[in-house]
Amino acid sequence: MQDVLKLQDIHLDILKEIGNIGAGNATTSLSNLLSQPIQMSVPTVKVVTFDEIVELTGGPEEIKAATFVEFEGAFNGTMFFFLSPSQADQFIQTLTQDPDQSILNENNAMANSAFLELGNILTGSYLRALSDFLQFNLQSLVPEATVDMSGAIMTQGLIETSVVSDYAIIIETVFQSDHFKEDIKGHFFLLPDPDAFDKIFKNLGV
């Protein structure tokens, strides 16, 4: 298993490039979905221990909107996408053209469906970027969406997908649009199986 400190020193540029490619793919898809220009940037990429993940989303009791999807292929894992509920609502209201839609409204099928579609596009874009960059076959399964405390989301997501991971790749992404009230900051957490880092960097010859 790659040492995480060595991994941070040597390989973060590669991981950030994958993040940038994923952001480019997602920008095109989101712009088409929302029928307006969307800009995305990837300001930071980190490799963190599993225990650090929840703290990076604001702590275990911080309420977040999230999607998560399991993937399989050359290696297995799970990808989570976290947003604050208010920022998730900006996407939902833009997509539905309805300012009253909110992910916090219980049993709101339209808001939940819109957020799930957003998460499906974003996680799919990053997985395609990873797959294409590495020339690995990675296939996503059925995504899920939820609003809950960060700790509960991570715990439930990992229980459902039965993923065991030592480290996670965190990709901070900023979305910008003239139609948004403010820039939207989201976090992707890619939790690959324990052998994935060795496979990734061996395949790239680094």
Does [X] reach the main-chain N or O of [Y] with its side chain, forming a donor-acceptor pair under 3.5 Å?
{"X": "N112", "Y": "N108", "answer": "yes"}
{"X": "D148", "Y": "K64", "answer": "no"}
{"X": "S131", "Y": "F136", "answer": "yes"}

(request) Verify side-chain contact (heavy atoms from CB on, under 4.5 Å) between L190 and I171, making sure each step is shown before the conclusion. (result) CA-CA 8 Å; L190 178 66; I171 305 169; 5.7 Å; no
Transitively linked via ILVMFWY side-chain contacts under 4.5 Å: [X] with [Y]?
{"X": "F133", "Y": "F188", "value": "yes"}
{"X": "L34", "Y": "F175", "value": "yes"}
{"X": "F82", "Y": "V174", "value": "no"}
{"X": "L141", "Y": "L130", "value": "no"}

(message) Using side-chain heavy atoms (C-beta onward) and a distance below 4.5 Å, is E70 in contact with V142?
(response)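 Counting from C-beta outward, E70 and V142 never come under 4.5 Å.
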(message) Contact between E182 and Q87 at the side-chain level, heavy atoms closer than 4.5 Å - yes or no?
(response)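 E182 vs Q87: side chains touch.
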(message) Listing request: all side chain to side chain donor-acceptor pair (under 3.5 Å) pairs with a residue in residues 90-99, at least two apart in sequence or in separate chains.
(response)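 Only D98-Q101 qualify under side chain to side chain donor-acceptor pair (under 3.5 Å).
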(request) Can you run down the side chain to side chain donor-acceptor pair (under 3.5 Å) pairs that involve residues 28-40, sequence neighbours left out, and say none if there aren't any? (result)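 For residues 28-40, and leaving out neighbouring residues, the side chain to side chain donor-acceptor pair (under 3.5 Å) pairs sorted by first residue read Q36-S177.
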Mind checking the [atom1]-[atom2] spacing from [X] to [Y]? Nearest 0.5 Å is all I need.
{"X": "D100", "Y": "M110", "atom1": "CG", "atom2": "CE", "value": "11.5 Å"}
{"X": "I63", "Y": "S84", "atom1": "CD1", "atom2": "OG", "value": "11.5 Å"}
{"X": "N120", "Y": "S113", "atom1": "CG", "atom2": "OG", "value": "10.5 Å"}

(request) Test F91 against L30 for side-chain contact (heavy atoms from CB on, under 4.5 Å), laying out the working first. (result) CA-CA 10 Å; F91 277 118; L30 271 183; 4.2 Å; yes
(request) Not counting sequence neighbours, list each pair that qualifies as a ring pair (Phe, Tyr, Trp, His ring centres under 6.0 Å) and has a residue in residues 93-120. (result)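 Listed by first then second residue: nothing to list.
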(request) Mind running ring-ring contact (aromatic ring centres under 6.0 Å, His included) on F189 and F81 for me, showing each step along the way? (result) CA-CA 6 Å; F189 292 97; F81 175 60; 9.9 Å; no
(message) Quick one, I38 with F180, criterion side-chain contact (heavy atoms from CB on, under 4.5 Å). Give me CA distance, side-chain angles, the key distance, then yes/no.
(response) CA-CA 10 Å; I38 302 291; F180 293 157; 3.8 Å; yes
(request) Any chance you could lay out the side chain to side chain donor-acceptor pair (under 3.5 Å) test for Q139 and N137, step after step, and finish with the verdict? (result) CA-CA 7 Å; Q139 298 292 328; N137 179 34; 2.9 Å; yes
(message) Is it true that Y126 and T173 share a donor-acceptor pair across their side chains at a distance under 3.5 Å?
(response)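 Result is yes, a qualifying pair exists.
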(message) Does the plane of the ring in F71 sit parallel, tilted or perpendicular to the ring in F75? Use 30° and 60° as the thresholds.
(response)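 Rings of F71 and F75: perpendicular, as their planes differ by over 60°.
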